[in-house]
Amino acid sequence: MTALIIGGSGSGKSEYAEDLAVSFVGSRIYIATMKPWDEECANRILRHRKMREKKQFETVECYRSLKKLIFKKRPSVILLECMSNLVSNELFGLWEEGDIPVLDKNTAAAEIAEGIINLERQTDHLVIVTNDVFSDGDHYSSQTNEYRKVLGSVNQLAAKRAHMVVEVVAGIPIKMKEGTN
């Protein structure tokens, strides 16, 4: 079962996704995609990691290339948090010497799609968290528009593959799709 959880910043989407993941029996992997750019990010990541441990998640940091992520032992549940960071990382993220060059929008979307399929093959339940960045304006730089276009494409692909799509608004989950994909 694949679930896509979408919402704006501070909507409660992450809490909903974690609660959904915890409702399934078995081992849990939490794929964190936020790169620790500075001390504030590192502290936030540490705080979130401690909270997830209480919910019996094993955290795996994966900033790019989901299609290459292989687990030695099949987890029952994978929670991917957050698609928005992953898209940004795939499009714009160069961090260290030898990193893969920045991907163009078509390649980034295809890479992420392969990554979603890779995760689905390795688990019984995949929960994907993503941001709604499409309702707040219409005048952005070309780079931001490219990001929004790729995130939109990836969200649409994930929604088509998902058995459940939930939008969380002000802490209220609204089921958009439930059943077969």
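Bear in mind that the values here come from a model prediction, so they are computed numbers and not experimental data. Each residue takes its place number in the sequence, starting with 1. The basis for the numbers below is simple: all heavy atoms, side chains too, and nothing from hydrogens, waters or symmetry mates.
There is a side-chain donor-acceptor pair under 3.5 Å between Q122 and N118. Checked by atom type, the side-chain pair E81/T33 shows no donor-acceptor distance below 3.5 Å. Under the 3.5 Å distance criterion, with hydrogens and angles disregarded, no donor-acceptor pair is assigned to the side chains of T2 and R161.
Side-chain atoms of Y147 and F92, non-hydrogen and from C-beta on, do get closer than 4.5 Å to each other. Inter-residue side-chain proximity for M164 and K175 is flagged as met; some heavy-atom pair is nearer than 4.5 Å. At a threshold of 4.5 Å between non-hydrogen side-chain atoms, the residues L119 and L66 count as touching. Residues N85 and C82 meet the side-chain proximity criterion, which asks for heavy atoms closer than 4.5 Å. Using a 4.5 Å heavy-atom cutoff, the side chains of Y30 and I78 are not in contact.
Both F134 and V150 are members of a single hydrophobic cluster when ILVMFWY side chains are connected at heavy-atom separations under 4.5 Å. Residues Y140 and V87 do not share a hydrophobic cluster, clusters being chains of Ile/Leu/Val/Met/Phe/Trp/Tyr side chains in contact below 4.5 Å. No chain of hydrophobic side-chain contacts below 4.5 Å, direct or via other Ile, Leu, Val, Met, Phe, Trp or Tyr residues, connects M1 to L4. Residues L157 and M176 share a hydrophobic cluster, clusters being chains of Ile/Leu/Val/Met/Phe/Trp/Tyr side chains in contact below 4.5 Å. V77 and I117 end up in different hydrophobic clusters when Ile, Leu, Val, Met, Phe, Trp and Tyr side chains are linked at under 4.5 Å.
Among all heavy-atom pairs drawn from V166 and P173, the shortest one is CG1-CB, 3.7 Å. Of all the heavy atoms in A17 and L79, the pair that sits closest is CB-CD1, 3.7 Å. Here the shortest heavy-atom pairing between A109 and V154 reads CA-CG2, 4.1 Å. Nearest heavy atom pair, residue R74 against residue T123, reads NH2-O, 2.9 Å. Summarising the geometry of I31 relative to C62, their closest heavy-atom pair is CG2-CB, 3.7 Å, with the distance given to 0.1 Å. Here the shortest heavy-atom pairing between K160 and K177 reads O-NZ, 3.2 Å.
Atom CD of E15 is surrounded by 12 or fewer heavy atoms from other residues, nucleotides or ligands within 6.0 Å.
Between the R28 side chain and the S76 main chain, no donor and acceptor come within less than 3.5 Å of each other. For the pair Y63 (side chain) and A32 (backbone), a donor-acceptor distance under 3.5 Å is absent. Judged by distance alone, with hydrogens and angles left aside, the side-chain atoms of K73 form no donor-acceptor pair with the main-chain N or O of S27 at under 3.5 Å. Panel note: side chain S84, backbone N131; a donor-acceptor pair is recorded below 3.5 Å.
If you take CZ on R148 and OG on S153, they are separated by 12.5 Å, rounding to the nearest 0.5 Å. From Q143, atom CD reaches atom CG of N145 across 10.5 Å, with rounding to the nearest 0.5 Å. For the atom pair CZ (F57) and CD1 (I29), the distance works out to 10.0 Å, reported to the nearest 0.5 Å.
When N89, L91, L86, L151 are each tested for a side-chain contact (heavy atoms from CB on, under 4.5 Å) with I112, only one passes: L86.
Salt-bridge formation is detected for the pair K55/E18: a Lys NZ or Arg NE/NH1/NH2 atom is positioned less than 4.0 Å from an Asp or Glu carboxylate oxygen.
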Report the C-alpha separation of D124 and F24 in whole Å, then their side-chain angles, then the decisive distance to 0.1 Å, and conclude whether the side-chain contact (heavy atoms from CB on, under 4.5 Å) test is met.
CA-CA 9 Å; D124 299 322; F24 300 118; over 6 Å; no

Determine, step by step, whether E146 and K149 satisfy the salt bridge (charged side-chain N to carboxylate O under 4.0 Å, His left out) criterion, reporting the C-alpha distance in whole Å, the side-chain angles of both residues, the deciding distance to 0.1 Å, and the verdict.
CA-CA 5 Å; E146 182 174 290; K149 187 171 186 164; over 6 Å; no

Before giving the answer on side-chain contact (heavy atoms from CB on, under 4.5 Å), spell out for I174 and V169 the whole-Å C-alpha distance, their side-chain angles and the decisive distance to 0.1 Å.
CA-CA 8 Å; I174 302 164; V169 179; 4.0 Å; yes

Step by step, would you call I116 with M83 a side-chain contact (heavy atoms from CB on, under 4.5 Å)?
CA-CA 10 Å; I116 291 170; M83 188 58 68; 3.9 Å; yes

Verdict with supporting geometry, Y16 and V129, side-chain contact (heavy atoms from CB on, under 4.5 Å)
CA-CA 9 Å; Y16 180 86; V129 179; over 6 Å; no

Using distance only, find each side-chain donor-acceptor pair of residues 39-51 under 3.5 Å and give its atom names and separation, not counting sequence neighbours.
from, atom 1, to, atom 2, distance (Å)
N43, ND2, E39, O, 3.4
R49, NH2, E61, OE2, 2.7

